[in-house]
Amino acid sequence: QVEVVESGGGLVQPGGSLRLSCAASGSIAGILSMGWYRQSPGAQPELVATITSGGSANYADSVKGRFTISRDNAKNTVDLQMNSLKPEDTADYYCNANIRYSGSRSYLGYWGQGTQVTVSS
């Protein structure tokens with residue numbers, strides 16, 4: 001059994017900062033990429049940032065220079081530091097992790113339940 005849980009969303013004013021955290025737990029044998037996605041009402045889900053187990057990060061153009069993804073392989077966690085937030089960053093943010101659980105040979109994508117981020121004055 002594997003679980004992915006996010007935390008850290010909330011309401012922030014434009015220009016402010018938030019830090020999202022995500023932790024994977026359970027019988028985990030290995031994790032490849034971890035990342036954050038978001039979905040605004042009426043919009044398609046979009047990739048925000050991903051990071052490999054080796055620490056290589058990839059960002060959506062809309063967040064480059066403002067968001068930073070980081071990862072702790074020992075703790076199976078991934079964080080997203082969001083600075084200079086804009087109203088258009090308002091969305092539900094979801095953590096994704098490609099996990100191989102103990103006894104399995106393959107990796108599967110697991111999703112958290114989501115955390116809401118609202119950027120508004």
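Counting heavy atoms from C-beta outward, Q116 and T118 have side chains that approach closer than 4.5 Å.
Residues that satisfy the salt bridge (charged side-chain N to carboxylate O under 4.0 Å, His left out) test with K75, not counting sequence neighbours, are absent from this structure. For the side chain to side chain donor-acceptor pair (under 3.5 Å) test, residues two or more places apart in sequence or in another chain that qualify with S17 are N83. For D89, the salt bridge (charged side-chain N to carboxylate O under 4.0 Å, His left out) partners at least two apart in sequence or on another chain are R38, R66. Remark: D72 pairs with no residue by the salt bridge (charged side-chain N to carboxylate O under 4.0 Å, His left out) rule, at least two apart or across chains. With sequence neighbours excluded, the residues that form a side chain to side chain donor-acceptor pair (under 3.5 Å) with D79 are R19, S21. S33 pairs by the side chain to side chain donor-acceptor pair (under 3.5 Å) definition with N98, not counting sequence neighbours.
Between V5 and Q113, the shortest heavy-atom distance links the atoms CA-OE1, 3.9 Å. Closest non-hydrogen pair, G9 versus V117, comes out as CA-CG2, 4.2 Å. When every heavy atom of A91 is checked against every heavy atom of S40, the shortest pair comes out as CB-OG, 3.6 Å. Looking at every heavy atom in both residues, I31 comes nearest to A97 through CG2-CB, 4.3 Å. Pairing each heavy atom of V4 with each of A24, the nearest pair is CG2-CB, 4.2 Å. The two residues P14 and S120 come nearest to each other via the heavy atoms CD-C, 3.6 Å.
Pairs engaging residues 73-102 under the ring pair (Phe, Tyr, Trp, His ring centres under 6.0 Å) rule: none recorded [sequence neighbours left out]. Screening residues 2-32 for ring pair (Phe, Tyr, Trp, His ring centres under 6.0 Å) gives no qualifying pairs among residues at least two apart or on separate chains. Evaluation of the disulfide (SG to SG under 2.5 Å) test over residues 3-121, restricted to residues two or more places apart or in two chains, returns C22-C95. A ring pair (Phe, Tyr, Trp, His ring centres under 6.0 Å) check over residues 50-79, counting only residues at least two apart or in different chains, returns nothing.
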Would you mind writing out the side-chain donor-acceptor pairs for residues 102-111 within the sub-3.5 Å range, not counting sequence neighbours?
| from | atom 1 | to | atom 2 | distance (Å) |
| --- | --- | --- | --- | --- |
| S102 | OG | S27 | O | 3.4 |
| S104 | OG | S106 | N | 3.2 |
| S104 | OG | S106 | O | 3.2 |

Please table the atom pairs, donor to acceptor, closer than 3.5 Å between any side-chain atom in residues 48-56 and protein atoms at least two apart or in another chain.
| from | atom 1 | to | atom 2 | distance (Å) |
| --- | --- | --- | --- | --- |
| T52 | OG1 | G54 | N | 3.3 |
| T52 | OG1 | G55 | N | 3.3 |
| T52 | OG1 | S56 | N | 3.1 |

_If you apply the rule side-chain contact (heavy atoms from CB on, under 4.5 Å), what do you find for E6 with L20, and how did you get there?_
CA-CA 7 Å; E6 305 103 334; L20 304 183; over 6 Å; no

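Here the CG-OG1 distance, from D92 to T115, works out to 8.0 Å after rounding to the nearest 0.5 Å. In this structure, CG on N76 lies 13.0 Å from CD on E3, to the nearest 0.5 angstrom. We find the CE-CG distance between M34 and N73 to be 8.5 Å, quoted to the nearest 0.5 Å. Between the CD atom of Q81 and the CD1 atom of I69 there is a distance of 12.0 Å, given to the nearest 0.5 Å.
By the criterion of side-chain heavy atoms lying less than 4.5 angstrom apart, applied directly or through intervening Ile, Leu, Val, Met, Phe, Trp or Tyr residues, V78 is not grouped with Y37; the two fall into different hydrophobic clusters.
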